[in-house]
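This report concerns only the one structure given below.
All values below were derived from every heavy atom in this structure, side-chain atoms included, with hydrogens, water molecules and symmetry-related copies excluded. Per chain, numbering begins at 1; letters A, B, ... match sequence-line order.
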Amino acid sequence: MKRRLLIALPYAWLLIFFLVPFGIVLKISLSDIALAIPPYVPTMKDGFWTMLSGLDLENYAFIGAGAVVAAFAAVALCVVMFNIVYPRVRRALVPDTPNGFFDTAAAALTALAVALVNVAVIVGVLALLLPQLRAFVDIPDFLYFAAYLSSLKIAIISTFFTLLIGYPIAYGMARAPEHWRPTLLMLVILPFWTSFLIRVYAWIGILSTEGYLNQFLLGLGVISEPLTILNTNAAVYVGIVYTYLPFMVLPIYAALEKMDDSLVEAAEDLGCTALSAFWLITAPLSKPGVIAGCFLVFIPTLGEFVIPSLLGGSDTVMIGKVLWEEFFNNRDWPVASAVAVMLLLILIVPIVLFQRNQQIEREADR
Amino acid sequence: MRRFSWFNATALTFGFAFLYLPMLILIIYSFNESRLVTVWAGFSTKWYGELWQNEAFLDAAWVTIKVAFWSSTLATVLGTMAAYIMVRAGRFRGRGLFSGMIYAPLVMPEVITGLSLLLFFIAIGLDRGVVTIVLAHTTFAMCYVSVVVTSRLVSFDQSLEEAALDLGCTPFDAFRSVTLPIILPAVISGWLLAFTLSLDDLVIASFTSGPSSTTLPIKIFSAVRLGVTPEINALSTIMILLVTLGVITASLISRRSALKAREDERKAMGG
């Protein structure tokens, strides 16, 4: 009895304050805008079935949801084919330990054939889907679709730069003397606890036209005209790399820290150069940390609002910013809700991949 | 032996310079005499004095601290319960949904959480104010708390709890006198995490706050949109120093409790 009560309290809390609000977003995304307050016309007032038959997909059509759904289907298809179908078929057809030349050649050919069939299936399904989808991919307002694309682009590029900067830091930390490591670890975690807003704000003073960076470069004589960095996409990249760096460094450090150093020593004893030992041993062993770090940066960056609105310019469109403006400036709640639903749909693929990756990791650890 | 080469040293130097230089510049220029933030005109603490005179900031700071205190306390209670259920309650109906609801807010973009909660509060007719921000912050912070506490709960020896139950403790007594003291460091760091998350949050608070309940991040955000000001530099410096102090204290406490636990274990084994 008591146990049931213990479960009921947090369960009910999450149901009420997490799940139900989602239902409401979904419902409002299917409503019409009205000038009354709250600014939408509920469509459920005539009962559930009447509402279902009169569902209003206008908001979704307006934000170009068809194109997003099409892209989503294509990506999901590729992921399923390459991650699940292809390895299974290959395992079923190709023997694990080929004997002799002919066996090896046959195995290689079979694997190639399976891969080709796999690609053919993807192309075929997409070609079949395309005419149907084209009817939906009629984008009335290109702004929204451009926002999805540019969010994706910004997230991918900044994840890449975060990895580029974060990996050497994690590597240096893992190679540092043992008694330094707790301190170094705390130095990486500390900015994470410091206000996100303040850390983004710090860059405004640095990157602005009269900012510290321009003063410094002008003083050195490297440039003769101040650079325009603030209010461009470049500033957004800097801001994202800066604020999300700890998310990249920590998992990579965790992976490198567990690594057995004698493996690298063995490789070097066997004649590897330091660089090839890194590529052959360290890089593959740190891969789980790299993957986890990339997801931890990529997923929150997609929906980021603070960085593009403070550091970005008017041409920096990210989906989180669009949602915010749709809601607070245009007061179009149904469209804002539809944008939220689409953002969630886009996020499902990376989130599911991330969960899968984490699960594989946990199983490997056992 | 791990080698610490010049490459590692350079990577660490540049990496930490990148992480800390922007904040350091902010702190230094908060003591700048001039209103022109990028021109150094001598040392002065006048912006701190001016901040102290600014009623709007002080009010916002008070609202923020109130919200952070209540939401982190509620979130710690609910999050610890949730973690305990996930680790100890075994199978129950709807467990999958429950674990989904605990992990989902961690990856949910804040704009979506904020929007959905606002629409929910309007739908049930709750006036927006301190209460709605507390409810919103509790919801997403409890998930972080439960993750922190879960990692502690799975790593500790369950037989201690079973022993307490065998010796005649009620489940609640066993929790209070055995489990709680062991997971306490995690509970405290969960509370601290929830507190800072609430202190920092701009997006969810913007959606769920009313006209009379502006929090500090909302205030800072609207001021910052107009550019850099020395008052905001001073305010940021205070916040950075407070957080640094808090994190260092917390890590010292947890280090000491870890040492003490090891010592106790050693005594128990020896005696």
Side-chain angles (χ1 to χ4, degrees), chain A residues 2-3 6-7 9-11 13-14 17-22 24-25 28 38 165 168-169 171-173 175-177 186-187 190-191 193-199 201-206 210-212 215 242 245 261 299-300 302-303 305-306 310 320 323-324 327 336-337 340 343-344 347 351, chain B residues 2-5 8-9 11-12 15-16 18-19 22-23 25-26 29 37-38 78 81-82 84-85 89 92 94 98 101-102 104-105 107 109-112 115-117 119-120 122-123 135-136 139 142 171 196 199-200 202-203 217 220-221 224-225 227-228 232 236 239-240 243-244 246-247 251:
Chain A
K2 264 185 187 161
R3 175 171 168 269
L6 180 72
I7 295 176
L9 190 61
Y11 209 123
W13 183 285
L14 285 173
F17 292 110
F18 183 72
L19 213 58
V20 171
F22 257 137
I24 294 178
V25 169
I28 291 177
I165 296 175
I169 300 178
Y171 188 81
M173 281 168 66
R175 289 283 174 281
M186 207 173 82
L187 281 174
L190 193 62
W193 290 82
T194 315
S195 168
F196 189 82
L197 192 57
I198 289 175
R199 281 183 292 149
Y201 164 72
W203 282 97
I204 298 180
I206 297 174
E210 313 88 53
Y212 310 118
Q215 282 183 9
Y242 180 70
L245 198 58
D261 287 319
I299 293 171
L302 261 184
F305 162 73
V306 177
L310 284 184
L323 197 163
W324 178 284
F327 190 86
S337 302
L343 173 56
L344 208 60
L347 277 172
I351 289 174
Chain B
R2 297 189 179 208
R3 285 150 309 165
F4 191 63
S5 64
N8 298 332
L12 284 184
F16 284 106
F18 177 62
L19 273 177
M23 284 193 262
I25 294 174
L26 196 74
Y29 275 83
V37 274
T38 51
L78 288 167
M81 281 168 86
Y84 194 76
I85 293 166
F92 58 90
F98 187 63
M101 285 194 299
I102 286 180
V107 287
E110 286 169 323
V111 277
I112 297 184
L115 176 72
S116 65
L117 279 166
L119 296 177
F120 171 72
I122 287 173
L135 290 174
T139 307
M142 73 178 271
T196 38
L199 218 58
D200 272 4
L202 164 74
V203 177
I220 295 176
F221 183 69
V224 159
R225 285 198 130 173
V228 180
I232 301 283
S236 305
M239 288 174 80
I240 291 174
V243 166
T244 311
V247 170
S251 85

Could you look at A:Pro191 and say if it's the side chain, the backbone, both or neither that has a heavy atom under 4.5 Å from chain B? both
If I measure from the heavy atoms of chain A, does B:Leu26 come under 4.5 Å with its side chain, its backbone, both, or neither? side chain
Turns out that what part of A:Phe327 lies under 4.5 Å from chain B's heavy atoms comes down to side chain
Can a donor-acceptor pair be found, under 3.5 Å and without considering hydrogens, that links the side chain of A:Tyr201 to the backbone of B:Val224? no
Checked B:Pro109, B:Gly246, B:Gly15, B:Pro22 vs chain A; the most non-hydrogen pairs under 4.5 Å come from B:Pro22
Inter-residue atom distance B:Tyr29.OH - A:Ile206.CD1, 0.5 Å rounding: 10.5 Å
Within the distance-only criterion (no hydrogens, no angle test), does the side chain of A:Arg175 pair as donor or acceptor with the backbone N or O of B:Asn8 below 3.5 angstrom? no
Between A:Ile169, A:Val306, A:Leu344, A:Ile7, the one whose heavy-atom pairs under 4.5 Å with chain B are most numerous: A:Ile7
Which heavy-atom pair separates B:Leu115 from A:Ala336 by the least distance, and what is that distance? CD2-O, 3.8 Å
In terms of heavy-atom proximity below 4.5 Å to chain A, should B:Ile85 be classed as side chain, backbone, both, or neither? side chain
Heavy-atom closest pair, residues A:Leu187 and B:Phe16: CB-CE2, 3.5 Å
Heavy-atom closest pair, residues A:Leu343 and A:Leu302: CD1-O, 4.4 Å
Under 4.5 Å heavy-atom distance to chain B, tell me which part of A:Leu245 shows up: side chain, backbone, both or neither. side chain
Residues in ring-ring contact (aromatic ring centres under 6.0 Å, His included) with A:Phe305, at least two apart? A:Trp324, B:Phe221
Toward chain B, the part of A:Gln215 with a non-hydrogen atom under 4.5 Å: side chain
Where does A:Trp13 contact chain B at under 4.5 Å (heavy atoms): side chain, backbone, both or neither? side chain
Between the CE atom in B:Met239 and the CG atom in A:Leu197, the distance rounded to the nearest 0.5 Å is 8.0 Å
Bottom line for A:Leu14: the part with an atom under 4.5 Å from chain B's heavy atoms is both
May I ask you to name which of B:Ser236, B:Pro171, B:Ala11 has the most heavy-atom pairs under 4.5 Å with chain A? B:Ser236
Chain B contact via A:Leu310 - side chain, backbone, both or neither, heavy atoms under 4.5 Å: side chain
What heavy-atom pair brings B:Ala136 and B:Leu117 nearest, and what distance separates the two atoms? CB-CD1, 3.5 Å
What part of A:Ile351 lies closer than 4.5 angstrom to a heavy atom of chain B: side chain, backbone, both or neither? side chain
Got a second to check how far A:Phe196's CZ is from B:Leu199's CG, nearest 0.5 Å? 15.0 Å
Contacting region of B:Thr196 [heavy-atom separation from chain A under 4.5 Å]: side chain
Whatever's closer than 4.5 Å to a heavy atom in chain A on B:Ile25 counts as side chain
